[in-house]
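Data first, discussion second: the structure below is written as C-alpha cells.
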Amino acid sequence: MLLILQLISFISVSSQSAKILARQEQFEQSIDGSISELKQENQYRIGEIVRTLSQQKNDFENEIELLKSTQNDFSLVIEDAVKKVVTVATDISAGTGFAVGNDGYILTNHHVIADSTIIQVQTYDDIVYTAELIGSDPTTDLAVLKISEEIEGFELANSDDVAVGQKIIAIGNPLSLDFTVTAGIVSAVNREGPNGLAAYVQTDVTLNPGNSGGPLVDSNGRVIGMANFKVGGAEALGFALESDVVREKANEIAEAIIVA
C-alpha cells in the first residue's frame, strides 16, 4: 500500500513538474518571440528613419541648388549646360547646336547647315566630329545631326510652363566667341515668326551671328527654345523656336523619339 501511495505521489509530482516545465518553456518561447518581433520592429523603424533622413537630405540639397539658381546664380546650371552645347561649322557657315538624348543627336538651325557639303561639330572638350545630317525642316528652321560620340543631352521644358519675366540664359558662339553665355528674361511667348507660326519665345538676351541654333536655358537647366533670329537693327529683340515645337519637329525629322 505504501509503495502504491509513493508511486501515485511520484506520478503526481512528475506530472506537475512536467506542466511547470512546459509552461516555463512556453513562457520562454513567448518572450523569445516577443523579443524577436521587437527587434524586427525596431530594425524596420530604424530603416524608415534612415530612409526619411536620406530623402530629407536629398530634398534639402535640391532646394539649395534651386535657391541658388533662382537667386540669379546660374553657375551650377552653366557648368553642366555648356558641356551639352556644341559649335557647328560647315564649308559655308557656322553656328551653334545642342545635344538631346544620349545617342549623339545634335539640334541646330536649318540655315546653319543649308547647302553645305561638310558638317563638323566641336564639343566643349575641343573634340571635333564629322556630323551626319539626319534631316532638316526649312519652315521651322530646324536640323537634326548625329555624331558618333554619345554625349549627355538637354531636357526640353514644357512650353506651357514658360512665363514672361522668367530669367534665362543663352549659350552659343556669337561672332566666333565659343561657348559664350548671356543672360536675360523671357519678354513674351507665342510670338509669330516669319513663317507665320505663333511658336516663338521673345527674349531680351543678346543674340548675334553664331548664336543661331543655340539653346535658351532656364534656371533648372532645361531648354525652353532654340535661338533662331533677331529683329534687324533692333537691340534686345531675339526670338527662339519654343521647346514643344523643337521636340515635335526633331522627332518627326528623325522618325524616332530622340528627345522626350
Side-chain angles (χ1 to χ4, degrees), residues 81 83-124 128-162 170-173 189-201 203 207 209-218 221-230 238-260:
K83 299 173 184 177
K84 304 172 184 177
V85 178
V86 300
T87 299
V88 179
T90 76
D91 52 324
I92 297 176
S93 64
T96 305
F98 59 93
V100 292
N102 296 298
D103 297 321
Y105 285 100
I106 305 293
L107 305 185
T108 188
N109 284 151
H110 165 78
H111 74 258
V112 171
I113 54 85
D115 301 320
S116 62
T117 56
I118 298 175
I119 305 173
Q120 291 188 321
V121 167
Q122 179 181 345
T123 68
Y124 183 71
V128 178
Y129 297 91
T130 297
E132 174 190 0
L133 175 61
I134 301 300
S136 65
D137 177 54
T139 302
T140 55
D141 198 17
L142 177 66
V144 178
L145 312 177
K146 194 174 190 307
I147 62 174
S148 58
E149 178 72 5
E150 296 182 358
I151 59 176
E152 183 182 0
F154 278 104
E155 176 186 351
L156 268 59
N158 186 331
S159 295
D160 293 337
D161 296 334
V162 177
I171 306 175
N173 307 300
V189 295
N190 301 321
R191 289 298 199 197
E192 184 174 322
N195 54 13
L197 298 176
Y200 291 87
V201 176
T203 177
L207 300 179
N211 273 114
S212 294
L216 293 189
V217 182
D218 66 15
R222 299 173 302 187
V223 172
I224 68 163
M226 172 188 285
N228 191 256
F229 66 93
K230 61 177 290 186
F239 296 84
L241 185 65
E242 64 183 29
S243 53
D244 282 358
V245 178
V246 171
R247 179 188 296 106
E248 179 182 359
K249 187 55 63 174
N251 290 335
E252 180 182 317
I253 292 172
E255 297 182 346
I257 305 300
I258 63 172
V259 54

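All values below come from the heavy atoms of this structure, side chains included, with hydrogens, waters and symmetry mates left out.
Side-chain atoms of Ile171 and Phe98, non-hydrogen and from C-beta on, never get closer than 4.5 Å to each other. Looking at Tyr129 and Leu145, their side chains never come closer than 4.5 Å, going by heavy atoms from C-beta outward. For the pair Leu142 and His110, the minimum side-chain heavy-atom distance is 4.5 Å or more. Contact annotation: the side chain of Tyr124 never approaches that of Val85 to less than 4.5 Å [non-hydrogen atoms, C-beta and beyond]. Looking at heavy atoms from C-beta onward, Ile134 lies in side-chain contact with Glu132 at the 4.5 angstrom threshold. Residues Asn190 and Glu242 are in side-chain contact: their nearest non-hydrogen atoms beyond the backbone lie under 4.5 Å apart. Within the 4.5 Å cutoff, no side-chain heavy atoms of Glu248 are placed close to those of Asp244. Taking 4.5 Å as the limit, every side-chain heavy atom of Val245 sits out of range of all side-chain heavy atoms of Leu197.
Interatomic distance, Asn251 CG to Ile257 CD1, rounded to the nearest 0.5 Å: 4.0 Å. In this structure, Met226 CE and Leu156 CG are separated by 8.5 Å, a value rounded to the nearest 0.5 Å. Taking CZ of Arg222 as the reference point, atom CG of Asn158 lies at 8.5 Å (rounded to 0.5 Å). Expressed to the nearest 0.5 Å, how far CD of Glu155 lies from OG of Ser243 amounts to 10.0 Å.
Using bins of under 30°, 30° to 60° and over 60° for the plane-to-plane angle, the ring pair Phe229/Phe239 lands in the parallel bin.
When all heavy atoms are compared, the tightest approach of Thr130 to Gln120 is OG1-NE2, 4.2 Å. Residue Ala157 comes nearest to Asp218 through the heavy atom pair CB-OD2, 4.2 Å, listed as atom of the first residue, atom of the second, then distance. Nearest heavy atom pair, residue His111 against residue Ser212, reads NE2-OG, 3.2 Å. For the pair Glu152 and Lys84, the tightest heavy-atom approach, listed with the atom from each and the gap, is O-CG, 3.3 Å.
Proximity of a side-chain donor or acceptor of Ser93 to a complementary backbone N or O of Val112 within less than 3.5 Å is detected. A donor-acceptor contact shorter than 3.5 Å is absent between the side chain of Asn228 and the backbone of Asn109.
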- Item | Full working for side chain to side chain contact (heavy atoms under 4.5 Å, CB included) between Ile151 and Ile106 | CA-CA 10 Å; Ile151 59 176; Ile106 305 293; 4.1 Å; yes
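Tested against Val88, the residues Asn173, Thr108, Thr96 include a single side chain to side chain contact (heavy atoms under 4.5 Å, CB included) partner, Thr108. Put simply, the residue from Asp137, Leu133, Leu107, Ile258 that forms a side chain to side chain contact (heavy atoms under 4.5 Å, CB included) with Ile253 is Asp137.
A side-chain N or O of Thr117 and one of Asp91 form a donor-acceptor pair less than 3.5 Å apart.
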